[in-house]
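For reference, the structure is listed below as structure tokens.
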Number of protein chains: 2
Amino acid sequence: MEFKQPIYPVEPWVITEQEFKKETNYRNETTFALSNGYLGTRGTFEEGYAFTEKEGLEGNFINGFYESENIRYGEWNFGFPLTSQSLLNLPNMKTTKVVLGDDQGEETFDLFSGEILDYSRKLHMQEGYVTRQVYWRSPGGKEVRISTKRFCSFACKNLMVQSLAVTAINFTGKVRLISLLEGKVENHTRTTNPLVDYGPFGEHLEGKRLEADSEKESFYYEGITLNSGLSMGCMGLHEIRQESKQPHRTEGKTDKAEKLAALDFILEIEEGETISLNKYLAYTSCLDMKKEEMEGFLHHTLETAMNQGMDSLLKQQRQYMDSFWEKADIQIEGDTALQQGIRFNLFHIMQAAGRDGRTGMGAKGLSGEGYEGHYFWDTEMYVLPVFAYTEGKLAKALLDYRYDTLPQARERARVLGHEKGALYPWRTINGEEASTYFPLGTAQYHINGDIAYAFKLYVDVNADDEYLKEKGAEVLVETARVWADVGCFAKSKGGKYCICAVTGPDEYNAIVDNNFYTNLMARENLKSALWALERVRALDEKAYESLVQKLKLEEGETALWQKIIEKMYFPYDEGRQVYPLDDGFMMRKVWDDSRIPPEKRHLLYENFHPLFVYRQRMSKQADAILGMLLYSNYFSEEELRRNYDFYQEVTLHHSSLSTCIFGILASQIGYHEEAYTYFSQSARMDLDDYHNNFYAGIHAANMAGTWQGIVFGFGGVRTNRGCLEFKPSIPGEWKGYRFRIGYRGSIVEVYTDQEQAEYRLLNDRPVEFFIHGKSMKLEDKGSRLYYPLGRKKKVAEALQENHLYKEEKSYENV
Amino acid sequence: MEFKQPIYPVEPWVITEQEFKKETNYRNETTFALSNGYLGTRGTFEEGYAFTEKEGLEGNFINGFYESENIRYGEWNFGFPLTSQSLLNLPNMKTTKVVLGDDQGEETFDLFSGEILDYSRKLHMQEGYVTRQVYWRSPGGKEVRISTKRFCSFACKNLMVQSLAVTAINFTGKVRLISLLEGKVENHTRTTNPLVDYGPFGEHLEGKRLEADSEKESFYYEGITLNSGLSMGCMGLHEIRQESKQPHRTEGKTDKAEKLAALDFILEIEEGETISLNKYLAYTSCLDMKKEEMEGFLHHTLETAMNQGMDSLLKQQRQYMDSFWEKADIQIEGDTALQQGIRFNLFHIMQAAGRDGRTGMGAKGLSGEGYEGHYFWDTEMYVLPVFAYTEGKLAKALLDYRYDTLPQARERARVLGHEKGALYPWRTINGEEASTYFPLGTAQYHINGDIAYAFKLYVDVNADDEYLKEKGAEVLVETARVWADVGCFAKSKGGKYCICAVTGPDEYNAIVDNNFYTNLMARENLKSALWALERVRALDEKAYESLVQKLKLEEGETALWQKIIEKMYFPYDEGRQVYPLDDGFMMRKVWDDSRIPPEKRHLLYENFHPLFVYRQRMSKQADAILGMLLYSNYFSEEELRRNYDFYQEVTLHHSSLSTCIFGILASQIGYHEEAYTYFSQSARMDLDDYHNNFYAGIHAANMAGTWQGIVFGFGGVRTNRGCLEFKPSIPGEWKGYRFRIGYRGSIVEVYTDQEQAEYRLLNDRPVEFFIHGKSMKLEDKGSRLYYPLGRKKKVAEALQENHLYKEEKSYENV
């Protein structure tokens, strides 16, 4: 494993682009992409460059707002989805042209003309915005400093704010600031998945309104999608600030053919003076309100924002970020590059998560068009645990989305022949299945177990019994029901419960029998359903009764679940004493990586027929290993090591979701060096663009996986035994690292250096936990205890051996 | 099982349509379809009715002549075919309008106007043509008798002949016979497979030439397909015969827009007189010659035919048919309905088989557009054995086609990741894979074993060592090589050779591990390859050396094959003591047929998701059972019975390829009543349109399966031990039945009645065989021997028990 040179300067809180280059523009658009979980906007420039498809992609998205097309199949079978869902690229309101001089000699600010005397763009992860500073000399010799600031408001989901300030360095004269609303947009990057065989997308938003109002200094667009029939509206209010308070003139115009609305602010600037334009931009859609209400709502939203003003909005932004970092930040002492990487990752997943309960989180967040903007299991298995332990409300909002789409999942279960229960779609936006290739789509039944896992985890870690009663139990029961129907007790397997014809997380082994991960998640899903019912009954008999009634839960059902739990079958190889991926795994051909030329060592399906892939004894990504990590409580360390060794041999890590999981398990079994390698590689995977496809959007799952790498990996945090456990370790390369986690109301800060791990209670909710199996307790806010590591541990052990060590002392609160 | 009422009068040699009805027209077009294995034409009328898509389909086909389109996939993976192949519907030259009267009062013969005083259409299976007699009174009161005759010449593959005679019953006057060449054609019946998701087909032949020559009384069309770029030409010569020898006038015209060429023959007819028009029609394509040569070739072909004349051509036709029936006819005494059914089946498969070595046989022959005209395994496993034992040259021609497409199969093997060998396509016309859905397409690797089986069978039964040397051995080795690469020796299965991720014949269990049938056919393919190499070496050392060189056969290869043969794994269920369909079969859910409404009990994929289907312990069709039938030599009768009983429980017979196979095995294990039921149902399946889709074309495999039902079933013929074996039985409903088979040069006629089976040698090649395991011999032409059945057998057994029976006497030649 070779590490890449950092692309950006290594700084703890900021990502800086020091120089503008066309070649790196496309990638940097993702780096500087902003979102608040509802709106997403790519890091494109105010100048509005006409880049080609390979140079850049303007992108503005509303989470959950999609367009459909008919899906074509060579051969259609019953239950194959007939319409696609694509997160739709929406009109852009960011473009602001800066035009210097009068009609005779106008010069428009443009990084490709004149001279760039100074340049920097920064993502301020602590503050939650992006700034850019350019010192530019026009071809005609006019010098200006241009500063921009941009953020998607965390306080108001519909709001995006952008300011642009121009300082005239060496001239006095006319300046025009032309603010545009560009409605002529279409999706472009289908081609980022070479396997998706659609034609070009074309424009899919039919304009219904297009206005530029020079008096109100606002513009407005309203459109409706051609196929999905969804309406959206977007509006911009403008605010000119000029030190000299000179009056300015505003001209508005629209061009229906080009779907363009423009506000032209004509100002006079004096040498040394700064003028600025604040743009308050908002989007909404019929998914949130009646379409007739959109315009009024947007206007109200923007008026409110403008009344609050930039400074106030920025303060709110900072407050939100402070609150987030307070809970979720991870500090790494002694490795600023990794520090930067992990914060970059946390920042991006935080901003990408849907938080209105009606939207999920795309595998690429809202940072690009990749994977059509679909939500996958990435959310529940990679991202959600991060939030569950840090910012519970984000986790809950994502679960709300799944609850919200339960009707579609129920319908889907019927299509798949299940008379009861709900089957969640493998990929979706609107809650309906959108995977066009069932072997790697609908066959991934484990999505049900994953979602159930996330519900259980959230409720457990946040002790949110109300949520269990209100929504969680229903989802746990409905998902469990499909598991109780999909398999059967097979005589030929000693009466064990077998699940046939599914695909596990590993997409190189499709349509298999008894995928280990699936069977494990199914069993745990059934357990959680039983647990949920019992717990709801214990909490609130009435709520229980009404749940049973609502779900028409029958007598025999829970007994059947219990039987399945007891009888669940798991493939086991006696020879290697490991759990193979599935029933057929050990019969497949020993994989010979050397047969694959290096340039083809990514997604095999691009260069090899699925049947060839299926027949090889290898794995694309963590699969069984992920199951063993989630439920490490069921396995001895020796067993984990044996399985880890086995899967280490056979896993190709052709998915970005793989290495972080291996790294965590490596920590658990004491393979510390491997753990560190996996971690470092995951931590800067996107920041240093290891996969060369960051342009298409973030890899949200891996980003979240690196938080897990520290907390679950080095920190050894587990809660799968129903209590909080730690197993601290620290990479030899680091001075120390710090993280905080919440568990059932308590917040614990953990600081680990080479000598010890320190556990400190940050609030006044007492907490019990275990370190390496030893029971511990922190009673009062601020109380701490220590666990020796490294030399200290060795000393302690030596003392212990000689009965000189006073254990209780060492762990005492100080 | 209920039997349907016969659609047509029950007659031994003829199928008669007694009355024309629009509602049954579409189906009857298939019944009266004609072919010679190269040309195919549906049983449409000379009047050229403009039927809707559900009422009829004009169809004229050249075997192997196809058009391509781009295939669309929701998600494409490497190796998925990019272009389709559709047998192209070609210009029609059969239409001949009969116009009575002059310009003031013309009346055109039309079954929907006037009055039909008498009507019959007949398929003459003994003679190989179709005739029609209509006695018609026009709305104006003119009465005519119209007689037509039509055949596709077996003597000249490019030639179709049609005559039309008009007799004026009650008038004298003008008659026009207008002969058309209709070039505006397109394929229609894609919709017969509801799972194929193409759009409308449209016209795909671009006209290059369109001529009508009134002097030569000929027309000509030449066109080229839009995508596949194949050229075809068709030409018609005309011959007017009139008793009174009055001169006639001929006008020719073309309409480019309508792609129509017409020859208008204007005649004067006298009351009582008959005039007739003989049309000599020919088709050819660039697949047989340079396109510049087509016109000349067609002209020469037609001149030759016309010079020979109708009578001579009909005589040749009869000779061909006589020769065919002499070898292949089956006579059933005491059941004319079944007699008619079996002859109908034999006639259709005989006429459908490609016989020029460059074409195969579509699953629907050349009788319609169903299955896009593709060739499947149906040819090798169902049809070819019939020819191998009766008309060897037809079998050989079909094998030639497979040999001819070996290069494409080699290329396909590379695409699937096999460095050596050839993998035949699941469905194809041009030798390239055309299946758009790999789980039920390319995954059916058994096609390789099936083709190998057919080569071995042909060579063995026809003792054609030359063919083995020339082509057979190469195919056997190349197919075997893929088997040697696709699987591996699995420690977890005791070092046995396992084959993962294939689909057997049963399409309700896809992408499985160790499909019993596939593993069996693979092992036998490997055995046949070793056998072929040894045999060629023994026959001709030099030929062997050059084969080894050509195939770059390496030292270790045959040793590996030998090892695989020894170590081949077969799934076995200890509980039921049966061979399950595959590794996962016994883990699937017990199938509950009652969950499926009767109207959905055909192709489940139309109403159920594939994953639902895959998870049920049931089978669409004969799969393992077919393997056990082909290699019954490896199984004890008890074992066969156990497996038959098991598969009887779990088989839904949703494929037309199923019942005939079950019937044969039922005979073998003494389930005579079931055997008879299965047989009767198969024998008239198409003639009585059991599947309600005969309009789309014949079910060639089942048709052939009924011959097998008699010969392999009731007759008990087997050659899988390397010798000829019989195990005669007779349904109680029959008086007797007779068939002939060829084996290594000998021709044996078997006549079985309720009392005995008689074996008679028809030529002078002595033959040894076994009846119920007892060795027999017929030395001289005409010699016979008997095997007692029924009462005779009981008497014989009683005598035997009392040591009074002289066995040798009973079997003696008489």
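Not measured: the values here are computed from a predicted model. Chain identifiers are assigned alphabetically (A, B, ...) following the order of the sequence lines, protein sequences preceding nucleic acid strands; residue numbering begins at 1 within each chain. Side chains are part of it too, since the values below use all heavy atoms of this structure and drop only hydrogens, waters and symmetry mates.
When B:Val590, B:Val415, B:Thr442 are compared by the number of non-hydrogen pairs under 4.5 Å with chain A, B:Thr442 comes out ahead. For the set A:Tyr445, A:Tyr569, A:Tyr614, the count of heavy-atom pairs under 4.5 angstrom toward chain B peaks at A:Tyr445. Contact count against chain B (heavy-atom pairs under 4.5 Å) is highest for A:Asn607 among A:Asn607, A:Asn509, A:Asp513, A:Ile511. Interface remark: of the candidates B:Gly79, B:Ala490, B:Cys500, B:Pro580, B:Cys500 forms the most heavy-atom pairs closer than 4.5 Å to chain A. Put simply, of B:Glu419, B:Arg617, B:Lys589, B:Arg615, the one with the most heavy-atom pairs under 4.5 Å next to chain A is B:Arg615. No other option in B:Leu611, B:Asn514, B:Leu440, B:Asp583 has as many heavy-atom pairs under 4.5 Å with chain A as B:Leu611.
Between A:Leu604 and B:Phe78 there is no side-chain heavy-atom pair separated by less than 4.5 Å. A:Phe612 places none of its side-chain heavy atoms less than 4.5 Å from the side chain of B:His418. At least one side-chain heavy atom of A:Phe80 sits under 4.5 Å from a side-chain heavy atom of B:Pro610. Proximity of B:Ser492 to A:Met587: side-chain heavy atoms (C-beta onward) are separated by under 4.5 Å at one or more points. Residues A:Lys491 and B:Glu574 are not in side-chain contact: their nearest non-hydrogen atoms beyond the backbone lie 4.5 Å or more apart.
Atom-to-atom distance recorded for A:Phe438:CZ and B:Glu75:CD is 12.0 Å, nearest 0.5 angstrom. With rounding to the nearest 0.5 Å, the separation of CE in A:Met586 from SG in B:Cys488 is 10.0 Å. Distance NE2/A:His609 to CG/B:Leu416: 5.0 Å, rounded to 0.5 Å. One distance of note links CH2 of A:Trp76 with OH of B:Tyr605; it measures 13.5 Å at 0.5 Å rounding.
Judged by a 6.0 Å distance limit and a 45° cone about the ring axis, A:Arg588 is not positioned over the six-membered ring of B:Phe489.
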* **From CA spacing to verdict: side-chain contact (heavy atoms from CB on, under 4.5 Å), B:Tyr73, A:Thr436** => CA-CA 8 Å; B:Tyr73 296 93; A:Thr436 55; over 6 Å; no
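In this structure, chain B has no heavy atom under 4.5 Å from any part of A:Asp582. Both the backbone and the side chain of A:Val486 come within contact range of chain B, each with at least one heavy atom under 4.5 Å from a heavy atom of that chain.
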